[in-house]
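Below is one structure, written out as structure tokens, with a few remarks after it.
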Amino acid sequence: MKIAYVEDDIDSLLIFSKKFKDEGIVCDCFETAEEALKKIEAGSYDLLISDIRLPGISGVSLLSKLRQKHVYTPCLLITAFSNLQMTKQALNANANYLLEKPFTYAALRNIVNRILLSPGSLQYCADRGLEKLKLTDRENEIARLILKGLSNFEIAKTLYKKKKTVKQYVSQIFEKSAVSSRAE
């Protein structure tokens, strides 16, 4: 498991990230949303944990910006000031859970487990699968169009490529995926 943890309270960040690491969980720490936004890509993390109130970009804005970049990683937002407006913002940004401070590691871990049992979006699952295949940028682009149901002809037309070129990429994607057809 790989977690991106965004928190400006250094003590909390160090304590909880160490506990994750003690359990063998990779936990990359970020002190600002801007720093996290530069590093988080589609499929690169299993979970994003972020404080809502951060210097600069808020946790809710971070989540919205990641969704705009087509990053659908499940997200747990943390707040010390839960109110109806904050809850609405978190839900509208597609957060999976809103956790109020203070909390224990056991409570945090319980919520992490629940979120990861049902990560939510099909897009997130596709992102994780494509990330594991280590495709080139062009292969990744074509694989996403295949997953949308486009034929080789439609992909060629969309990308302004020759159908023969697309067919070669599709063959490479199938080989890396260990499948022999779109149905698989």
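Computed from a predicted model, the values in this text were never measured in an experiment.
No more than 12 heavy atoms of other residues, nucleotides or ligands shown are found within 6.0 angstrom of NZ on Lys163. Counting heavy-atom neighbours within 6.0 Å of Lys176 NZ, excluding the residue itself, gives a total above 12. Within 6.0 Å of atom CD in Glu175, 12 or fewer heavy atoms from other residues, nucleotides or ligands are found, so the atom counts as exposed in its surroundings. For Lys21, the NZ atom counts as densely surrounded, since its 6.0 Å shell holds more than 12 non-hydrogen atoms of other residues, nucleotides or ligands. Atom CG of Asp137 is surrounded by 12 or fewer heavy atoms from other residues, nucleotides or ligands within 6.0 Å. Counting non-hydrogen atoms of neighbouring residues, nucleotides and ligands closer than 6.0 angstrom, the CZ atom of Phe153 reaches no more than 12 such neighbours. Applying the 6.0 Å contact sphere to NZ of Lys157 captures no more than 12 heavy atoms from other residues, nucleotides or ligands.
Between Tyr105 and Phe20, the two ring planes are perpendicular [angle over 60°; tilted spans 30° to 60°]. Aromatic ring orientation, Tyr45 versus Phe30: perpendicular (interplanar angle above 60°, classes split at 30° and 60°).
Here Leu76 contributes atom CG and Arg114 contributes atom CZ; the two are 10.0 Å apart, rounded to the nearest 0.5 Å. Interatomic distance, Leu99 CG to Leu108 CG, rounded to the nearest 0.5 Å: 6.5 Å. Separation of atoms CZ (Arg144) and CG (Leu135) is listed at 9.0 Å; rounding is to 0.5 Å. Separating the CD1 atom in Ile173 from the CD atom in Glu139 is a distance of 5.5 Å, to the nearest 0.5 Å. Between the SG atom in Cys27 and the NZ atom in Lys19 there is a gap of 13.0 Å [rounded to 0.5 Å]. To the nearest 0.5 Å, atoms CG (Asp28) and CG (Leu48) are separated by 11.5 Å.
Counting heavy atoms from C-beta on, the side chains of Leu77 and Cys75 come closer than 4.5 Å. No side-chain heavy atom of Ser177 sits less than 4.5 Å from a side-chain heavy atom of Gln172. Annotation: side chain of Val6 is not in contact with side chain of Thr32 (no heavy-atom distance under 4.5 Å). Looking at Met1 and Val112, their side chains come closer than 4.5 Å, going by heavy atoms from C-beta outward.
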Kindly indicate, with the supporting measurements, whether the criterion side-chain contact (heavy atoms from CB on, under 4.5 Å) is fulfilled by Ile78 and Phe103.
-> CA-CA 10 Å; Ile78 299 168; Phe103 54 87; 3.5 Å; yes
Verdict with supporting geometry, Leu37 and Lys65, side-chain contact (heavy atoms from CB on, under 4.5 Å) | CA-CA 8 Å; Leu37 196 55; Lys65 288 177 185 293; 3.7 Å; yes
Determine, step by step, whether Ser151 and Glu154 satisfy the side chain to side chain donor-acceptor pair (under 3.5 Å) criterion, reporting the C-alpha distance in whole Å, the side-chain angles of both residues, the deciding distance to 0.1 Å, and the verdict.
-> CA-CA 5 Å; Ser151 68; Glu154 292 167 322; 3.3 Å; yes
Please lay out, stage by stage, how Lys161 and Glu141 fare under the test salt bridge (Lys or Arg N to Asp or Glu O under 4.0 Å).
-> CA-CA 13 Å; Lys161 299 287 180 196; Glu141 181 179 32; over 6 Å; no
Leu159 vs Leu145, side-chain contact (heavy atoms from CB on, under 4.5 Å): CA-CA, chis, key distance, verdict = CA-CA 10 Å; Leu159 299 178; Leu145 294 174; 3.9 Å; yes
Go through the steps to decide whether Cys29 and Lys18 satisfy the test side-chain contact (heavy atoms from CB on, under 4.5 Å), and finish with yes or no.
-> CA-CA 10 Å; Cys29 300; Lys18 182 182 180 330; over 6 Å; no
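Hydrophobic clustering (ILVMFWY, side-chain heavy atoms < 4.5 Å, transitive): Ile49 and Leu14 are in distinct clusters.
Between the side chain of Glu23 and the backbone N or O of Ile25 there is no donor-acceptor pair closer than 3.5 Å. Side-chain atoms of Lys38 never come within 3.5 Å of backbone atoms of Ala33 as a donor-acceptor pair (strictly under, hydrogens ignored). Of the possible donor and acceptor atoms, none in the side chain of Ser58 sits under 3.5 Å from a partner among the backbone N and O of Leu54. Asp8 places no side-chain N or O within donor-acceptor distance of the main-chain N or O of Glu31, the cut-off being under 3.5 Å. Checked by atom type and distance alone, the side chain of Arg138 never pairs as donor or acceptor with a backbone atom of Ile142 at under 3.5 Å. The backbone N or O of Ile57 sits nowhere less than 3.5 Å from a side-chain atom of Ser61 that would complete a donor-acceptor pair. Between the side chain of Asn152 and the main chain of Lys167, no donor-acceptor pair closer than 3.5 Å is present.
In terms of heavy-atom proximity, Ala42 sits nearest to Val71 at N-CG2, 3.5 Å. In terms of heavy-atom proximity, Thr73 sits nearest to Asp46 at CG2-C, 3.8 Å.
A salt bridge is defined here as a Lys NZ or Arg NE, NH1 or NH2 lying under 4.0 Å from an Asp or Glu carboxylate O, and Lys39 with Glu34 fails to meet this definition.
Between Tyr169 and Phe174, the distance from one ring center to the other does not fall under 6.0 angstrom.
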